[in-house]
Structures are given as structure tokens and as C-alpha cells.
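Have a look at the structure below, then the notes.
Numbered from 1 within each chain, the chains take letters A, B, ... in sequence-line order.
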Amino acid sequence: MRLFRSEEHVRAVHPEPGAVFPAEQLWRLARAWYGDRLDPAWRPRTVAESQRVLDRVGLTGPFWRLA
Amino acid sequence: MTEERIVQLRRAIYRFFAEHARAPLPAEVGATPADLRELERVHAVVLDPAGTIAFSNPFAAGPTGFTVTAGPVRWYAVCAWDSLGILAATGRDGRVEATCPDCAAPIELRVAGGRLLPAEAGEAREAGGTSPHAGASTRQEGPVAHFLVPAARWYDDLGHT
């Protein structure tokens with residue numbers, strides 16, 4: 001996924017975009033998803049756990065369904 | 001390979017990337033080339049044609065258009081999400097550098113104290129210019145993240161996602 005200057009710039013490249021949201025929300029997603037990646041006890045999440053991460057940062061709806 | 005062995009190798013690969021800002025050779029994480037192929041099969045890494053690690057999210061082995069810098073250390077990330085993921089995982093203050101796919105303007109995100117800093121006015125503008133879309137109907141002002149691929153298909157092609 002990529003960063004654009006604004007949603008207008010997204011639509012210039014993708015007239016039918018996927019999901020667009022602010023960088024601040026992307027940071028919340030990054031922290032929730034990767035915050036423990038270097039923990040000595042890190043383990044992969046289940047699909048259900050990953051879905052809850054997306055839900056927790058406000059990424060809900062059909063686009064964000066993992067399975 | 002057991003699931004526990006997979007997890008052990010993944011942990012070692014992430015730690016190596018974080019510490020050395022490059023992909024490990026198999027022996028550097030106690031793995032064999034066959035181990036790496038198995039990790040790719042379970043979507044834990046993406047290998048290049050030579051069989052070495054190209055991606056181990058959030059880390060990338062080489063230039064991708066997403067650079068993460070924290071002090072003297074520079075990593076490459078798989079995507080914008082992973083760029084911030086590297087800073088989240090390492091707990092470092094730093095910056096993410098990317099380029100707008102539409103207008104090629106540089107985009108920089110900065111993290112300090114666990115917070116994403118507000119974009120400065122004009123930060124994402126080309127020097128001396130304005131957005132080519134100035135005056136267009138307003139939607140989300142940037143920088144913004146764009147996911148083209150729905151979540152259910154993320155593992156179809158990580159490089160495209």
C-alpha cells in the first residue's frame with residue numbers, strides 16, 4: 001500500500017480507489033500490527049486476532065475482512 | 001518444519017533486520033536455504049530469484065521506494081504501512097520517506113515519542129509549486145494511505161499489495 005499527498009492524488013491514479021485514510025490512522029494500525037514484532041515472545045496472530053487489530057483501529061467493513 | 005521452528009526463525013529474521021538493517025543470510029539466523037523456502041511457502045518471507053530474503057514484513061532487503069531512517073540507521077520497508085511498522089517495532093523516533101505515485105512529490109512522515117507528528121504545511125509540496133489538484137473538490141487532505149487490494153487478497157501478491 002502507498003502514501004499519496006491527498007485523496008485527490010489517489011483518485012488521479014485510481015479513479016476507483018480501494019480504501020483511503022489519514023496517515024494518523026495508518027500509524028495506529030502500524031503500532032497495533034507491528035508493535036510487538038521484535039518481542040522475544042512474539043508469535044503470529046490468528047486470523048481472528050488480526051481481524052480484531054483491524055477492528056480496533058477503525059478499519060471495518062467488507063474491504064477489511066481477512067477471510 | 002514444526003510451527004515452533006517457523007516462529008523461532010521468524011523471530012531471528014526480524015531481529016536481524018532490525019539490528020543490521022539488511023536481510024540475513026540463512027546461516028546468520030541458523031537456517032538453511034530449504035528452511036527459507038518453507039518460510040516462503042507459509043507466507044512468512046518472500047524470496048528473490050536467488051533464494052535470498054527479499055521481504056520479511058515489515059522489512060525489505062533492498063530499495064522499495066519506502067525508506068525508514070532512525071538516527072544513523074536506514075531500513076527499507078515493503079510499503080507505507082510497513083514503513084511505520086518498522087518504527088513501531090523498533091520503538092525508535094525517525095522518519096519515513098516515500099514519493100506520491102501521482103505527482104512524484106516527496107512525502108515524509110515523522111515519528112517522535114511514539115506519536116506521528118503533524119505534517120508541516122507544504123511538507124508534501126514540490127519546491128516552489130502547489131498540488132496539481134489545487135482547487136479540486138476537497139476530500140481527505142494528505143498524506144493519506146491507500147490500500148488498493150482488499151484484505152482477503154493481501155497474501156496473493158505481497159509485492160503488489
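- Of the residues considered (Ala145(B), Ala88(B), Gly85(B)), Ala145(B) shows the highest number of contacts with chain A, using heavy-atom pairs under 4.5 Å.
- Within the 4.5 angstrom heavy-atom criterion, no atom of Phe17(B) approaches chain A.
- Interface remark: of the candidates Arg10(B), Arg115(B), Arg15(B), Arg11(B), Arg11(B) forms the most heavy-atom pairs closer than 4.5 Å to chain A.
- We find the CZ-CG distance between Phe147(B) and Leu59(A) to be 7.0 Å, quoted to the nearest 0.5 Å.
- Taking chain B as the reference chain and counting heavy-atom pairs below 4.5 Å, the highest number among Pro62(A), Ala32(A), Pro40(A) is found for Pro40(A).
- In this structure, CH2 in Trp154(B) is found 11.0 Å from CG in Asn57(B), a value given to the nearest 0.5 Å.
- Contact annotation for Arg31(A): both backbone and side-chain heavy atoms come within less than 4.5 Å of a heavy atom of chain B.
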- Starting from the C-alpha separation in whole Å, work towards a yes-or-no answer on salt bridge (charged side-chain N to carboxylate O under 4.0 Å, His left out) for Glu97(B) and Arg110(B). CA-CA 9 Å; Glu97(B) 295 170 279; Arg110(B) 292 188 300 273; over 6 Å; no
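- Considering only heavy-atom pairs separated by less than 4.5 Å from chain A, the leading option among Thr99(B), Asp82(B), Ile6(B) is Asp82(B).
- The pair Glu38(B)-Arg41(B) counts as a salt bridge, with a side-chain nitrogen and a carboxylate oxygen less than 4.0 angstrom apart.
- With a 4.5 Å cut-off on non-hydrogen atoms, Ser83(B) does not touch chain A at all.
- A salt bridge between Asp35(B) and Arg5(B) is present, with a side-chain N of the basic residue lying under 4.0 Å from a carboxylate O of the acidic one.
- Looking at Arg43(A) and Glu4(B), a side-chain N of the basic residue comes within less than 4.0 Å of a carboxylate O on the acidic one, giving a salt bridge.
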